[in-house]
Each structure stands twice: as C-alpha cells, then as structure tokens.
Amino acid sequence: MIKTFIDKLLGKGASASGGAGRRRFGKREEVPASVHGIDPQLVDRRAFEVVRTLKEAGYQAYIVGGAVRDLLLGLKPKDFDVATDATPEEVKALFRRAFIIGKRFRIVHVVFGRGREHDVVEVSTFRAYLDNSAAEQVAGNERTSKAQLAGMQHAVDASGRVLRDNVWGPQEEDAARRDFTVNAMYYDPETQVVVDYHKGIQDAHKRVLRMIGDPASRYREDPVRIIRAVRFAAKLSHLGFTLDPKTARPLVECEPLLRDVPQSRLFDEMLKLLQTGHALATIEQLKKLGLEKGIYPLLDIVVERAGDPLVHAALADTDRRVSEGKAVAPSFLLACVLWQDVESGWQRRLEEGEHAFPALQGAIDEVFERRIGDVSGRGKLAADMREIWVMQPRFDKRSGNTPYSMVAHIRFRAGFDFFRLRADIGDVADGLVEWWQEFYVTDDARRQDLLAQVREEQRRQQRAQQQQKKGQGAVHRVAPARRAQEPSAAPSAPDGEPADMESSGDAPAKKRRRRRRKSSAHGDAGAEGRPTDGDGNSGGDAA
C-alpha cells in the first residue's frame, strides 16, 4: 500500500498485468442488446462490412467512440469509427482502397465510393496506456522536433503533451486512454454486444460528460481535449447533457496549454466547433465556461461578433444546413464574420482616393494578413473568400455581359447566398436579390427580358434626372432677367466680368469704339494692334 502511494506521488502507474492495473483500466462489462437497446438498423453498412472483414481475418473489431454514444441515444451517427487489434499495415492489406494517415496517431482510412459521394470509415489500432513519465521527451513541438520524432512511438513535450502515441496494446488500455466515458464504449454489430469499461452507459443515461481519469492530467496530455469538451457539451446540450463539475473545473486553468498546439490543428478544431451543426450552442458554451477568449484568435472574433446581424444569420444558417444534411464551407462562414473588416478597409481606401477595385483587393489582403495569417490564408480557403467578397459590388451592375459572367462563375452560388444574407438583415434591397435569383434559374429568353427591363428602368431614371436638372436650370435663368430691369443691376458672366447686354428693351445699347485714323505727320501707330502691359498702358515709350 505504501509502495502504491509512493508510486502515485511519483506519477508511476501500476503494471497492466497486476490487479491494481486491472482496476485502473476499469472493469469489463458486456451489455447485451436487451439492455442497451441499440437499433441495428442505424448502423452504417460500410462500417458493418469493415468490422466483418477484420473479424473474418482473425482480428477483434468494434464500432467505437461517438457512434456508439449516438446509437445508445437513438440517434443516427454521422460518422462511424472502428477499433481493432490489427496494426495499420495489417488493416491496409485487407482492403482495396485503404490509406495509412497521420503521424501523431497512425490510423487507416478505408474508402468506399468515389468523387463527392465517397465515404470513409476510420480504423484505429488499440493503443497501450503508457505513463508520460515513461515516454521519450523532446524540447520542442511537432514542427520544431520533426526529425527527432521520426523514430519515436511514444513521445511527449516538456509540458507533458503527447506528440506520438503509436504503441499498440489491449482493448482495456485503449479504453482508458480515451477522453470521455460516453466515448469509450465498443459495439460489435454482429453480436450486438456493447463492451463498457468506465460506466459509459450509466453516464449516457444520466446525461453526464465525464472525463476518464484526472481531468487536469488528461488536458495536459492533449490540450485539444479542452475544445472537445466544449464541442460535446454544445452538441449534446439539447439532449440535456452537462459537463461533470470535476471535468469542467480545470478548463480555464488549462486553457494556456493550447498555445503550444500547432495553429493548423487549432484552426481545424475551431471549424469543428462551428460546422458540426451546433455553432450557436457552442458560442453559449464558450461563454458559460469562461472560454470566450484565448482558444484561437479567429474564434475570439466569432464569439465577439456572434450578436451582429450578419454573423448571427450566418451561424444560424450553418446550423440549419447541417441539420438538413447539406454541405457547408468554412470560407462562407468566415467571409461573413470578417465582412465588416473588409467593408471598413475598403471605405477607408476609397476616401483616400484609391479606385474601387484596387481598394477592395487591398482591403482583402489586409484582412487576410491581420486576421487569418499563414494558417489557411494562402490556400483555397482564401481564394474562395476573396471571390465571395469581390462579387458583392458586381451585383449592383446588371448590364452588358456582367450578369452572364456572374451566373457562370464557379463560386456564384456562394457569393449569391452571401448577398442574400445581407438582404435578410436589410443591407441589400430585396428586389435586387429577387432579380438575380430569377436571372440565375431562368432561360435565355427570359434573361433578355430581364435585362431589357433593367435598361428601361435606367432610361427612366436618366430622363427623370435630366428633367430635374432642367428645372433647376430654369430657376437660375429667371433671376438675372429680373435684376436687369433695375438700372443699378449689372449681371456678371461666369468668369466674373460684366456681361454684354442686348439692345432690346430698356437695356443700354453697347457702345462701339471708333477706329482712329493713322497720322502721317508724326508716324504714330494707332492704338489697335498694340500690346498693353499689365496696367492697361500701351507697350511703347511715352511720346
């Protein structure tokens, strides 16, 4: 007992072969279908096929993780993951289209179908539960220590964060190294038995999200678990799930650990928070848990602007599309979040005298540099966002070939959906949105009619403007005529000089200068034709 206490102080785990180790890894319970009540019709046939293929080859295989949790709750899982005792190389050899991916966790993607209709079943190998004190340690992270990590199977950094976890072990150890109890259950679709080591079924019934082991230690092992805790709490909140108090308590304290996580991984985790159909609930959870700032700079902006009409509409629209099984793109949501930055930068540049299109491009470049940086601001995401933004002023132009080139653009639908969201919040006229909607879906004959209507509308506006200018001009011409009736009044020409008056009416007749005859006696030149100086004097010498 004393030895166990000392080992605990030193952070040493009990041997997996001993009784203490068995208790540490939980007690195996096999729950039959009559108890758990999972509907086998909810199981994806591709996941069933992967399990069956592995079992026929002599390996253990189970559906694992969130899919089992959702099945227990009567939900149809979006994704199905499989866990097995076969190594990645052994799994790959059993399937025609299978690919080993990852370095931190080596897993296999088994691909079914092709193109946009393809599906992926992720297959992972049971991992051993290893104490961090027994792992190899490196000073840097995945990027700075890439060469050193190349030959390691289990490695941690100075803070205890796991950088490599590719040591295979038995199922009970694999269950212990998973995060939440409701995500650590294994389901065999052939026998319909659920294997549970950490009372995950009980927690699912109680609607509790509880971390396996000491939460603070688990967050140090992988700080991304902080984000996963928020995501699961948001995803399951509508079903009444809440975070266990012991699991929630260290979240704020451990949040600074996220600074050591690669920015690319944080960016991906942020997208999972916002694009899994629970974006608005995620914002609420972040505020509730005190994590509204500090996870990722761009996520801080989303939380800060969640109440803005356009951003709130975009978050709600994303949730709606996911619930309807429609695709969502991060470029669209982020374009909505950062539109006010683009607009303000564009307006500032216009006021400084830049032309409209270069000013817009400059504003976009500035936003990429300031808000997104090098993580995804130079790839496809940036290109899609730029096209959405550049389209917005072009919707105002409905003449020539512009409408045809717009609807033929590969990103027109995204740009138009963005335009329509702006109309929903009153930033764009509804009539303009309806015009583009009809132009997009109709045939060429109707498109010609729509363009003709726009031309006629523009002609009417031009005639109205011309008539308005003529009316204003008539008012200005009447005033000088009235002043001319007064002897003392002298209208002025546009350059400020006295205006010549016609000899009609009471206006005085214009006097004509009589030409002086040349004097032959003295040889003096006439006044005409001689240049004068600045004072009006003749340019010659005085007589």
Q.
Among L381, I388, D384, exactly one meets side-chain contact (heavy atoms from CB on, under 4.5 Å) together with L334. Which residue is that?
A. L381

(Q) For a side chain to side chain contact (heavy atoms under 4.5 Å, CB included) check, start with the C-alpha distance between V120 and V110, then their side-chain angles and the critical distance, and finish with the verdict. (A) CA-CA 6 Å; V120 174; V110 179; over 6 Å; no

Q: Locate the shortest heavy-atom distance separating L350 from A356; write the atom from each residue and the value.
A: CD2-CA, 3.6 Å

Q. Within a strict 4.5 Å, meaning less than it, do heavy atoms of the Y62 and V68 side chains meet?
A. no

Q.
If the threshold is 4.0 Å, N to carboxylate O, is there a salt bridge linking D44 and R46?
A. yes

Q | Side chain to side chain, M406 and P403, heavy atoms closer than 4.5 Å | A | no

Q.
Between I227 and L258, does the side chain to side chain contact (heavy atoms under 4.5 Å, CB included) criterion hold? Intermediate values first, please.
A. CA-CA 9 Å; I227 305 177; L258 290 167; 4.2 Å; yes

Q. Would a 4.5 Å heavy-atom cut-off, applied to side chains only, mark V433 and F416 as touching?
A. yes

Q: For D319 and L280, work out which heavy atoms get closest and say how close.
A: OD2-N, 3.3 Å

Q) Is the closest basic N to carboxylate O distance between D427 and R422 below 4.0 Å? A) yes

Q. Hey, are R348 and E351 close enough for a salt bridge, meaning a charged N less than 4.0 Å from a carboxylate O?
A. no

Q.
Under 4.0 Å between a side-chain nitrogen and a carboxylate oxygen: does that hold for E269 and R225?
A. no

Q: Would you check if the side chain of W389 reaches a backbone N or O of A335 as a donor-acceptor pair within less than 3.5 Å?
A: yes

(Q) If the test is side chain to side chain donor-acceptor pair (under 3.5 Å), which one of Q461, Q462, E457, E456 qualifies with R459? (A) E456

Q) Would a 4.5 Å heavy-atom cut-off, applied to side chains only, mark T125 and P88 as touching? A) yes

Q) Where does the angle between the aromatic ring planes of F267 and Y296 fall among parallel (under 30°), tilted (30 to 60°) and perpendicular (over 60°)? A) perpendicular

Q.
Ignoring hydrogens and geometry beyond distance, is a side-chain donor-acceptor pair present between Q458 and R398 at under 3.5 Å?
A. no

Q: Please examine the side chains of L315 and R305, heavy atoms only from C-beta on, and report whether any two atoms are closer than 4.5 Å.
A: no

Q: May I have the step-by-step check of side-chain hydrogen bond (donor to acceptor under 3.5 Å, both in side chains) for R386 and Q361, ending in yes or no?
A: CA-CA 8 Å; R386 183 183 297 273; Q361 293 286 8; 2.5 Å; yes

Q: Kindly give the heavy-atom pair with the smallest separation between P215 and P250, and that separation in Å.
A: CB-CG, 4.0 Å

Q. Under the side chain to side chain contact (heavy atoms under 4.5 Å, CB included) criterion, do D79 and V121 qualify, and how do the steps go?
A. CA-CA 8 Å; D79 300 308; V121 176; over 6 Å; no

Q | Electrostatic pair D119-R45, nearest N-O below 4.0 angstrom | A | no

(Q) Do I100 and R106 have side chains that approach each other closer than 4.5 Å (heavy atoms only, starting at C-beta)? (A) yes

Q. Are D70 and K76 ion-paired here, with the side-chain N under 4.0 Å from a carboxylate O?
A. no

Q: For A306 and I283, work out which heavy atoms get closest and say how close.
A: CB-CG2, 3.9 Å

Q: Look at the aromatic rings of W436 and F412 and report parallel, tilted or perpendicular, splitting at 30° and 60°.
A: tilted

Q.
More than 12 heavy atoms of other residues, nucleotides or ligands under 6.0 Å from CZ of R320: yes or no?
A. yes

(Q) As a test of understanding, state which of I372, I364, V390 forms a side-chain contact (heavy atoms from CB on, under 4.5 Å) with M385. (A) I372

(Q) Suppose we call two aromatic rings close when their centres sit under 6.0 Å apart. Are F80 and Y187 close by that rule? (A) no

Q.
Assess the residue pair T318 and R321 against the criterion (side-chain hydrogen bond (donor to acceptor under 3.5 Å, both in side chains)); give the C-alpha distance rounded to whole Å, side-chain angles, the decisive distance to 0.1 Å, and a yes or no.
A. CA-CA 5 Å; T318 300; R321 290 183 63 87; over 6 Å; no

Q) Is any side-chain heavy atom of E284 closer than 4.5 Å to a side-chain heavy atom of V303? A) no

(Q) Assess, by modelled atom type and distance only, whether the side chains of S405 and R394 contain a donor and an acceptor separated by less than 3.5 Å. (A) yes

Q) Around H312, counting heavy atoms of other residues, nucleotides and ligands shown, do more than 12 lie under 6.0 Å from its NE2? A) no

Q. For the rings on F232 and F180, is their centre-to-centre separation under 6.0 Å?
A. yes

Q) Who passes side chain to side chain contact (heavy atoms under 4.5 Å, CB included) against A83, sequence neighbours left out? A) V64, S124, F126, R178, Y186

Q.
Measuring centre to centre across the rings, with the benzene-like ring taken for any Trp, is F395 within less than 6.0 Å of F419?
A. yes

Q: Grab the two heavy atoms, one from N183 and one from G66, that are nearest each other, plus how far apart they are.
A: OD1-CA, 3.9 Å

(Q) Within this structure, what is the CD1-CG distance for the pair I212 and D203, rounded to the nearest 0.5 Å? (A) 9.5 Å

Q.
I need the Q465 CD to Q468 CD distance, nearest 0.5 Å.
A. 7.5 Å

(Q) To the nearest 0.5 Å, what is the distance between OG on S237 and CZ on R207? (A) 12.5 Å

Q: Report the C-alpha distance between K293 and E255 in whole Å, list the side-chain angles of each, state the deciding distance to 0.1 Å, and finish with yes or no for salt bridge (charged side-chain N to carboxylate O under 4.0 Å, His left out).
A: CA-CA 10 Å; K293 286 187 177 295; E255 185 185 44; over 6 Å; no

Q) Got a second to check how far L291's CG is from D300's CG, nearest 0.5 Å? A) 10.5 Å

Q) Are side-chain heavy atoms of P393 and L360 found at a separation under 4.5 Å? A) yes

Q. Would you find a donor on one side and an acceptor on the other, under 3.5 Å apart, between the side chain of T282 and the backbone of L274?
A. no

Q.
Is it the case that the side chain of R97 and the backbone of G113 share a donor-acceptor pair, with hydrogens and angles ignored and the cut-off at 3.5 Å?
A. yes

Q) Taking NZ, NE, NH1 and NH2 as the nitrogens, is one of them in D417 or R413 under 4.0 Å from a carboxylate oxygen of the other? A) yes

(Q) Using a strict threshold of under 4.0 Å (side-chain N to carboxylate O), is an ion pair present between D179 and R218? (A) no

Q. If you measure from CG on L266 to OG on S264, what distance do you get to the nearest 0.5 Å?
A. 8.0 Å

(Q) Check D174 with R127, please: is the shortest side-chain N to carboxylate O separation under 4.0 Å? (A) no

Q) Where is the tightest heavy-atom contact between Y219 and A229, given as atom of each residue plus distance? A) OH-CB, 4.4 Å

Q. Quick check: are there more than 12 heavy atoms from other residues, nucleotides or ligands sitting under 6.0 Å from CG of D443?
A. yes

Q: Please round to the nearest 0.5 Å and tell me the distance separating atom CG of L71 and atom CE of M185.
A: 9.5 Å

Q: Return yes if some donor-acceptor pair links the side-chain N/O of H355 with the main-chain N/O of F357 below 3.5 Å, else return no.
A: no

(Q) Tell me whether R228 is salt-bridged to D222, with the criterion being a basic N under 4.0 Å from an acidic carboxylate O. (A) no

**Q.** Residues V322, T276; criterion side chain to side chain contact (heavy atoms under 4.5 Å, CB included); working and verdict
**A.** CA-CA 7 Å; V322 173; T276 54; 5.8 Å; no

